Amino acid sequence: MAETIDRKDLEKKMEEEGRLPPGQSLTLKFPILHYGSVPQFDPVTWRFKIWGEVEEELSWSWDEFNQLPRTEVLLDIHCVTKWSKFDTRWQGVSLRSLIEGGYIKLKPGAAYLLQHAEGGYTTNLPLEIALQDNFLLATHFDGKPLTPEHGAPVRGMVGHIPDRPELKTAYFWKGAKWLKGLEFLSEDQMGFWEKAGYHNEGDVWKEQRRR
Ligand SMILES: Nc1nc2c(c(=O)[nH]1)N[C@H]1C(S)=C(S)[C@@H](COP(=O)(O)O)O[C@H]1N2
Ligand SMILES: [Mo]
């Protein structure tokens with residue numbers, strides 16, 4: 001089958017370029033993976049909240065969220081269930097730009113981020129990673145608004161940027177779909193899969209799948 005040949009060839013190319021983490025295989029599809037059901041998005045009642053180690057708690061409406069500075073990033077995404085998707089193009093808001101732009105004022109003790117999603121899903125990252133160029137509050141994939149299944153209207157995104165080996169990359173579960181809140185913490189707190197036995201750091205290059 002032509003598709004199989006394409007997939008294998010591309011996978012080999014990614015491996016040769018050093019872009020295929022250990023134990024991963026390339027997919028041309030875009031799998032949908034989550035725990036629980038897909039929530040409804042109501043742009044009128046939706047709020048995005050920011051709390052914890054911040055000088056001021058925030059609550060943005062969908063209109064307000066859409067006025068934040070925007071950026072685009074190309075990411076290779078790696079799911080712990082072993083599929084990888086390359087050169088995915090995302091648009092949205094960089095967390096670092098919100099801090100640098102004074103939209104969010106962190107307290108000096110802030111060191112970790114806990115993403116809170118609709119339905120109770122959570123996932124944690126150190127700010128060291130959440131403030132890198134490969135973490136995004138994404139609203140669009142490939143120029144189109146996120147579909148409900150992929151996390152509309154906003155999801156956390158973490159992936160690898162080719163030729164940026166200095167950036168740490170975590171598995172894709174560390175980007176919460178249907179993101180509703182960011183909690184800044186002085187001490188690390190495990191999220192949904194982390195508590196269930198997945199690795200707290202989840203570095204794709206170190207193949208940190210489970211604890
Ligand atoms: N809210 C929420 N976000 C989530 C999950 C989830 O169960 N709930 N699963 C994670 C996992 S394990 C993966 S691989 C990606 C899958 O994103 P996709 O369905 O857009 O491929 O979402 C992540 N974000
Ligand atoms: Mo995953």
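Any value given below was found using the heavy atoms of this structure, including those in side chains, with hydrogens, waters and symmetry copies removed. What you see is a predicted model, and the numbers here were worked out from it, not measured in a lab. Each ligand, and each atom within it, is numbered from 1 in the order the structure gives.
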Worksheet item: Between K168 and E128, is the closest basic N to carboxylate O distance under 4.0 Å?
Response: yes
Tabulate distances under 3.5 Å between N/O atoms of ligand 1 and N/O atoms of the protein, writing both atom names on each line.
residue: ligand 1; atom: 1 (N); partner: K177; partner atom: O; Å: 3.0
residue: ligand 1; atom: 3 (N); partner: K177; partner atom: N; Å: 2.9
residue: ligand 1; atom: 7 (O); partner: Y35; partner atom: N; Å: 2.7
residue: ligand 1; atom: 9 (N); partner: L33; partner atom: O; Å: 3.4
residue: ligand 1; atom: 17 (O); partner: R155; partner atom: NH2; Å: 3.0
residue: ligand 1; atom: 19 (O); partner: L33; partner atom: N; Å: 2.9
residue: ligand 1; atom: 19 (O); partner: K177; partner atom: NZ; Å: 2.5
residue: ligand 1; atom: 20 (O); partner: H150; partner atom: ND1; Å: 2.6
residue: ligand 1; atom: 20 (O); partner: R155; partner atom: NH1; Å: 2.7
residue: ligand 1; atom: 21 (O); partner: P31; partner atom: O; Å: 2.6
residue: ligand 1; atom: 22 (O); partner: R155; partner atom: NH2; Å: 3.4
residue: ligand 1; atom: 24 (N); partner: G175; partner atom: O; Å: 2.7

Worksheet item: Side-chain contact, heavy-atom cut-off 4.5 Å: W62 with T139?
Response: yes
Worksheet item: W205 and H160: aromatic ring centres closer than 6.0 Å?
Response: yes
Practice prompt. Not counting sequence neighbours, list each pair that qualifies as a ring pair (Phe, Tyr, Trp, His ring centres under 6.0 Å) and has a residue in residues 13-34.
Written response: F30-F141, F30-H150, H34-W178
Under 3.5 Å, side-chain donor or acceptor atoms of residues 181-192 against the rest of the protein: list the pairs with distances, not counting sequence neighbours.
residue: E183; atom: OE1; partner: H116; partner atom: NE2; Å: 2.8
residue: D188; atom: OD1; partner: N124; partner atom: ND2; Å: 2.9
residue: D188; atom: OD2; partner: N200; partner atom: ND2; Å: 2.7

Worksheet entry | Pairwise salt bridge (charged side-chain N to carboxylate O under 4.0 Å, His left out) hits with a residue in residues 79-92, at least two apart | R19-D87, E72-R89, R89-D142
